[in-house]
Asker: 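Below you'll find the structure I mean.
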Amino acid sequence: MGMSDGNNSCPIWLFVLVAIFITVLWIRYCVEMRRRREQMREMASRLGLQPWPDDSTPYDLSLDGTVFESWTKLFNVYEGRLHARQVAVLDFRKQAGKSSWSRTIIAAKTKDDVFAHKAFEFETKQVGEWQLLYSPEEIISSRKLMYVAEIEELLKDIERA
């Protein structure tokens, strides 16, 4: 007999390779998220933003009526004032069954269009007194966190508006 006694058997090494592959992906994700957390902290410090004490929406910022209202987790939450405007930045994750999607949300407490010069790939939405900027929900891209340098530039645009 050969390595397999039937057509339905699968060599053990295939399972080991799959397990190693999944482990490497998980470790890579953890390292990337740790690096992002550090970069977000440094960016917030440069702009004078403070970390929000828990992973909730700051002050009266509401995500009701948006695709973000049923969030599973908020992380990297920072808030503060830029040029007399209250702002917040946060990473959002929504779990639905076995799938999830993530976005970065930049919010400014203003009725003015502080995101008028935004790139075309972003959407804005006025929610009460807050204007939100984020990447739209896409079927293909489930993870769309903004680059930290991009967040910093968008926050500086609010300051200049």
Side-chain angles (χ1 to χ4, degrees), residues 22-161:
I22 291 170
T23 302
V24 167
L25 285 179
W26 182 77
I27 290 170
R28 181 175 175 227
Y29 173 78
C30 290
V31 168
E32 285 177 6
M33 288 296 101
R34 181 183 184 119
R35 184 178 311 132
R36 179 177 179 80
R37 186 173 52 246
E38 291 168 4
Q39 290 173 343
M40 290 284 283
R41 187 176 330 124
E42 291 168 3
M43 180 264 314
S45 178
R46 282 191 300 275
L47 295 176
L49 302 178
Q50 300 299 313
W52 192 244
D54 60 5
D55 292 335
S56 65
T57 56
Y59 299 115
D60 59 346
L61 172 61
S62 172
L63 300 176
D64 292 343
T66 70
V67 295
F68 307 111
E69 71 182 328
S70 303
W71 51 271
T72 304
K73 181 177 181 180
L74 299 178
F75 54 104
N76 294 325
V77 181
Y78 292 91
E79 64 83 29
R81 293 186 99 50
L82 293 176
H83 197 61
R85 283 194 175 92
Q86 187 177 348
V87 297
V89 60
L90 52 103
D91 288 335
F92 158 95
R93 182 173 302 129
K94 183 175 185 174
Q95 186 80 30
K98 291 184 179 184
S99 66
S100 68
W101 58 280
S102 300
R103 293 292 183 276
T104 301
I105 302 168
I106 298 174
K109 190 172 186 177
T110 181
K111 298 276 186 183
D112 299 333
D113 189 5
V114 293
F115 300 118
H117 301 292
K118 69 182 180 350
F120 70 91
E121 72 259 17
F122 296 117
E123 287 186 7
T124 59
K125 182 170 180 80
Q126 190 74 37
V127 180
E129 295 182 316
W130 289 86
Q131 189 174 111
L132 308 180
L133 174 86
Y134 53 91
S135 297
E137 189 177 1
E138 300 171 357
I139 295 172
I140 296 172
S141 178
S142 64
R143 185 167 170 258
K144 189 74 171 172
L145 297 176
M146 291 180 204
Y147 295 110
V148 175
E150 187 174 38
I151 296 168
E152 187 167 3
E153 193 58 38
L154 288 164
L155 288 169
K156 286 178 179 177
D157 284 347
I158 292 172
E159 196 172 24
R160 290 187 284 262

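For the single chain, residues carry numbers from 1 onward in sequence order.
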Asker: Grab the two heavy atoms, one from Q131 and one from K111, that are nearest each other, plus how far apart they are.
Answerer: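 Looks like NE2-O, 4.4 Å.
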
Asker: How long is the gap from CD on E69 to NZ on K94, to the nearest 0.5 Å?
Answerer: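 Separation between the atoms: 7.0 Å.
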
Asker: Return the CD to CD distance between E42 and E38, rounded to the nearest 0.5 Å.
Answerer: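 The distance works out to 7.0 Å.
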
Asker: State, to 0.1 Å, how close M146 and I151 come at their nearest heavy-atom pair, and which atoms those are.
Answerer: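 Taking M146 first and I151 second, the nearest heavy atoms are CB-CG1, 3.7 Å.
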
Asker: Rounded to the nearest 0.5 Å, what separates atom CD1 in I27 from atom CD1 in I22?
Answerer: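 Going from the CD1 atom of I27 to the CD1 atom of I22 covers 12.5 Å.
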
Asker: Using the benzene-type ring in the case of Trp, are the ring centres of Y134 and F92 under 6.0 Å apart?
Answerer: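 Distance test on ring centres: not under 6.0 Å, no.
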
Asker: For residues P58 and V77, report the shortest heavy-atom separation together with the two atoms involved.
Answerer: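 Closest approach of P58 to V77, heavy atoms only: CG-CG1, 3.9 Å.
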
Asker: Applying salt bridge (charged side-chain N to carboxylate O under 4.0 Å, His left out) to K156 and E152, what does each step give before you reach the verdict?
Answerer: CA-CA 6 Å; K156 286 178 179 177; E152 187 167 3; 3.7 Å; yes

Asker: Would you call S102 and D91 a side-chain contact if the rule is heavy atoms closer than 4.5 Å?
Answerer: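 With C-beta onward as the side chain, the pair stays apart.
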
Asker: Heavy-atom distance under 4.5 Å between the side chains of Q50 and E79, does that happen here?
Answerer: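 In contact.
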
Asker: Is any side-chain heavy atom of V87 closer than 4.5 Å to one of I106?
Answerer: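 Not touching, per the 4.5 Å side-chain cut-off.
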
Asker: Quick check for you: to the nearest 0.5 Å, what is the distance between W71 atom CH2 and S56 atom OG?
Answerer: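 Output value for this atom pair is 6.5 Å.
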
Asker: What I'd like to find out is whether the side chain of I158 reaches to under 4.5 Å of the side chain of L155, using heavy atoms alone.
Answerer: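 A side-chain contact exists here, since the closest heavy-atom pair is under 4.5 Å.
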
Asker: So E150 and F122, do their side chains get closer than 4.5 Å, heavy atoms only?
Answerer: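 Yes - at least one pair of side-chain heavy atoms lies under 4.5 Å apart.
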
Asker: Are any of the side-chain heavy atoms of L132 and L61 separated by less than 4.5 Å?
Answerer: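 Side chain of L132 against side chain of L61, heavy atoms only: contact under 4.5 Å found.
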
Asker: Show the numbers, then the answer: is there a side-chain contact (heavy atoms from CB on, under 4.5 Å) between W101 and V67?
Answerer: CA-CA 11 Å; W101 58 280; V67 295; 3.8 Å; yes

Asker: Roughly how far apart are M40 CE and F75 CZ, rounded to 0.5 Å?
Answerer: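 That separation rounds to 8.5 Å.
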
Asker: Starting at CG of L74, measure out to CZ of R93 and round the result to the nearest 0.5 Å.
Answerer: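 Those atoms lie 10.5 Å apart.
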
Asker: Looking at every non-hydrogen atom in both residues, tell me the closest pair between P136 and E121 and how far apart they are.
Answerer: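 Nearest pair, atom of P136 first, then E121: CD-O, 3.0 Å.
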
Asker: Show the nearest heavy-atom pair for residues A107 and W130, with the distance to one decimal.
Answerer: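 Scanning both residues, the minimum pair turns out to be CB-CE3, 3.6 Å.
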
Asker: Do V89 and T104 make a side-chain contact, defined as non-hydrogen atoms from C-beta onward lying under 4.5 Å apart?
Answerer: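 They are in side-chain contact.
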
Asker: Go through it in stages, so that I can follow the logic: the residues are M33 and L145, the test is side-chain contact (heavy atoms from CB on, under 4.5 Å), and I'd like the CA-CA distance, side-chain angles, deciding distance and then a yes or no.
Answerer: CA-CA 11 Å; M33 288 296 101; L145 297 176; 4.0 Å; yes

Asker: Could you pull out the closest heavy-atom pair between R41 and Y78, with the gap in Å?
Answerer: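 Scanning both residues, the minimum pair turns out to be CA-OH, 3.3 Å.
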
